[in-house]
Amino acid sequence: MKLENDRLCVEIAEQGAEVTRIYDKKSDTELLWEADPKYWKRHSPILFPNVGKTYRSTVRINGIQYPTSQHGFARDNKFKCVRETTDTVSFLFASNEETKEVYPFDFDLIITYKLDGRTLMVKWEVVNTGEEEMYFTIGGHPAFRFAGADEGKSDYILKFPGKESLDYILVNIAEGAADTSKVYQLELEDGCCPMSEEMFANDALIFDNGQISEVWICHKDGAPRVGMKCEGFPNFGIWSVKDAPFVCLEPWMGRCDDIGFDKELSEKPNVNKVPAGGKFEQSYSVIAGE
């Protein structure tokens, strides 16, 4: 599936309703990572019904323990295109007997992409088609590649407009869960900080409490390459792989479990709750540099 205008060419696969290409005609560069498995085999997966890992890879729902996989199952399933116009496309994935073995809720997950100038809007809708309240987390995971073949993280900076500093926590790799016992501070100068390989030595940087609503990947001279606007997201992740020529900007509605979390899913911090027959909606935008 393709959306295209004078500025951008966007390609989306039915598998996972995943954006697989964002080509910027003005800069004549690919903005989205090409999914080279040498570093990471994905482009921009949708994380649902869980973001990251649950503690010890299980989740408790109504007293029953269910097995979970990292980032959920939506990214590994085929969606159906249910709407297509010149600038908009929507995909649907519905619960089935296989999903109910690990996640007992009835739902429709609808992903919509809209292209407007240099902006790609991404909208999530989760419809509760069942008869009981449902709980989930959901997130984006787009990877943005560097412009030059010989460029690395030290050739770029991150810009957080209007911010003086940000607090973040890290993942305990052995536990596969967030370690809230130590909070780090990301120092900013004019809202910016340099990127480096060392920044991602311990997996993702996790920003809680709705700190990030706008972020840009910029060249060292400050020229913006690609940005994201994501109002109303309580959690945000920034991640990369050692020596990989990309960085992921990840808007999350909820995130991975904290170390030791063993309560009901309904009690998870920032979990999304949708009553029977209700609908959840959230969106963010990816913006090519001017």
Side-chain angles (χ1 to χ4, degrees), residues 1-13 16-35 40 42-46 81 83-91 110-125 139-149 151 153 155-163 188 190-193 195 212-233 236-240 244-253 281-290:
M1 203 67 61
K2 181 185 290 188
L3 297 174
E4 187 170 8
N5 60 17
D6 292 340
R7 179 61 190 271
L8 297 176
C9 177
V10 178
E11 296 179 6
I12 307 123
E18 181 179 10
V19 177
T20 58
R21 186 187 188 201
I22 304 177
Y23 172 68
D24 185 353
K25 298 178 181 180
K26 182 178 180 180
S27 64
D28 188 24
T29 60
E30 301 288 347
L31 296 181
L32 203 64
W33 172 240
E34 62 266 30
W40 191 50
R42 301 182 189 269
H43 307 269
S44 180
I46 294 158
C81 181
R83 179 182 179 223
E84 183 181 5
T85 69
T86 55
D87 62 359
T88 304
V89 62
S90 296
F91 296 87
I110 304 163
I111 311 297
T112 296
Y113 298 101
K114 182 175 181 178
L115 187 58
D116 182 11
R118 62 190 180 100
T119 298
L120 176 66
M121 185 274 290
V122 184
K123 181 180 180 181
W124 306 323
E125 297 174 81
H141 200 322
F144 300 106
R145 69 157 299 118
F146 303 142
E151 289 185 324
K153 296 181 181 71
D155 294 301
Y156 288 85
I157 62 175
L158 292 170
K159 183 175 182 179
F160 305 90
K163 298 292 184 179
L188 306 176
D190 295 326
C192 300
C193 71
M195 272 200 287
I212 295 178
S213 59
E214 182 176 358
V215 56
W216 289 83
I217 300 170
C218 300
H219 299 273
K220 282 197 296 187
D221 64 2
R225 172 156 170 76
V226 63
M228 179 178 290
K229 292 187 178 182
C230 50
E231 294 284 348
F233 283 76
F236 198 95
I238 303 179
W239 175 80
S240 188
F246 68 80
V247 65
C248 292
L249 304 179
E250 306 182 37
W252 299 333
M253 296 296 294
E281 295 182 336
Q282 183 57 289
S283 62
Y284 70 93
S285 295
V286 173
I287 310 158
E290 294 183 3

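Here the structure is a predicted model, which means the values were calculated and not measured.
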*Asks:* Side chain of Glu214, backbone of Lys229: donor and acceptor closer than 3.5 Å?
*Replies:* no
*Asks:* Begin with the C-alpha distance, continue with both residues' side-chain angles, and end with the deciding distance and a verdict on side-chain contact (heavy atoms from CB on, under 4.5 Å) for Thr29 and Arg225.
*Replies:* CA-CA 10 Å; Thr29 60; Arg225 172 156 170 76; 3.0 Å; yes
*Asks:* To the closest 0.5 Å, what do you measure between CD1 (Ile217) and CD1 (Ile157)?
*Replies:* 11.0 Å
*Asks:* Would you say that Met253 contacts Phe233 through its side chain, given a criterion of any heavy-atom pair below 4.5 Å between the two side chains?
*Replies:*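 Of all side-chain heavy-atom pairs linking Phe233 with Met253, at least one is under 4.5 Å.
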*Asks:* Starting at CD of Glu250, measure out to OG of Ser44 and round the result to the nearest 0.5 Å.
*Replies:* 9.5 Å
*Asks:* Ignoring hydrogens and angles, tell me if any N or O in the side chain of Asp221 forms a donor-acceptor pair with the backbone of Ala223 under 3.5 Å.
*Replies:*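 Pair found, side chain donor or acceptor close to backbone of Ala223.
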*Asks:* Measure the CG-CE distance between Leu120 and Met228 for me, rounded to the nearest 0.5 Å.
*Replies:*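 Output value for this atom pair is 10.0 Å.
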*Asks:* For Asp116, I'd like to know if atom CG has over 12 heavy atoms of other residues, nucleotides or ligands within 6.0 Å.
*Replies:*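 Not more than 12 within 6.0 Å, no.
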*Asks:* Should the ring pair Trp239 and Trp40 be called parallel, tilted or perpendicular, given that the plane angle runs from 0 to 90° and is split at 30 and 60?
*Replies:*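 Perpendicular: the ring planes of Trp239 and Trp40 meet at over 60°.
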*Asks:* When you measure from the side chain of Ser240 to the backbone N and O of Phe246, does any donor-acceptor pair fall under 3.5 Å?
*Replies:* yes
*Asks:* Show your reasoning for whether side-chain contact (heavy atoms from CB on, under 4.5 Å) applies to Glu18 and Arg42.
*Replies:* CA-CA 9 Å; Glu18 181 179 10; Arg42 301 182 189 269; 3.8 Å; yes
*Asks:* Output yes when a side-chain donor or acceptor of His43 lies under 3.5 Å from a complementary backbone atom of Trp33, and no otherwise.
*Replies:* yes
*Asks:* Could you tell me the separation between the CD atom of Glu84 and the NZ atom of Lys2, rounded to the nearest 0.5 Å?
*Replies:*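 So the gap between those two atoms works out to 12.0 Å.
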*Asks:* So, for Val226 and Leu31, which heavy atoms are closest and what is the spacing to 0.1 Å?
*Replies:*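 Distance-wise, the nearest heavy atoms are CG2-CD1, 4.3 Å.
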*Asks:* Do you know the tightest heavy-atom contact between Trp216 and Gly289?
*Replies:* CZ3-CA, 4.2 Å
*Asks:* Determine, step by step, whether Asp87 and Asn5 satisfy the side-chain contact (heavy atoms from CB on, under 4.5 Å) criterion, reporting the C-alpha distance in whole Å, the side-chain angles of both residues, the deciding distance to 0.1 Å, and the verdict.
*Replies:* CA-CA 8 Å; Asp87 62 359; Asn5 60 17; over 6 Å; no
*Asks:* Looking at Met1 and Cys81, what are the two nearest heavy atoms and their distance?
*Replies:* CE-SG, 3.7 Å
*Asks:* Kindly compute the distance separating NZ (Lys123) from CD1 (Ile110), expressed to the nearest 0.5 Å.
*Replies:* 9.0 Å
*Asks:* Could you tell me which non-hydrogen atom of Gly148 sits nearest to which non-hydrogen atom of Tyr156, and how far apart they are?
*Replies:*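 It is N-OH, 4.4 Å.
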*Asks:* Name all pairs fulfilling the salt bridge (Lys or Arg N to Asp or Glu O under 4.0 Å) condition that reach into residues 21-35, sequence neighbours left out, sorted by first residue then second.
*Replies:* Glu4-Lys25, Arg7-Asp24, Glu11-Arg21, Arg21-Glu30, Glu34-Arg145
*Asks:* Using 30° and 60° as the class boundaries, would you call the ring planes of Tyr113 and Phe91 parallel, tilted or perpendicular?
*Replies:*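 Geometry flag for Phe91 against Tyr113: perpendicular rings.
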*Asks:* Would you call Met121 and Ser283 a side-chain contact if the rule is heavy atoms closer than 4.5 Å?
*Replies:*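 Yes, close enough: below the 4.5 Å cut-off.
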*Asks:* Check Cys230 against Tyr284 and note the closest heavy-atom contact, atom names and distance.
*Replies:* CB-CB, 3.9 Å
*Asks:* Could you state the interatomic distance from CG (Asp155) to NZ (Lys220), rounded to the nearest 0.5 Å?
*Replies:*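 Result: 5.5 Å between the selected atoms.
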*Asks:* For Leu32 versus Pro142, what's the shortest heavy-atom pair and its separation?
*Replies:*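 In terms of heavy atoms, the two residues are closest at CD1-CB, 4.3 Å.
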*Asks:* Please test Phe236 against Ser213 for side-chain contact (heavy atoms from CB on, under 4.5 Å), starting from the C-alpha separation and ending with a verdict.
*Replies:* CA-CA 9 Å; Phe236 198 95; Ser213 59; over 6 Å; no
*Asks:* Are the side chain of Lys153 and the backbone N or O of Ala244 linked by a donor-acceptor pair below 3.5 Å?
*Replies:* yes
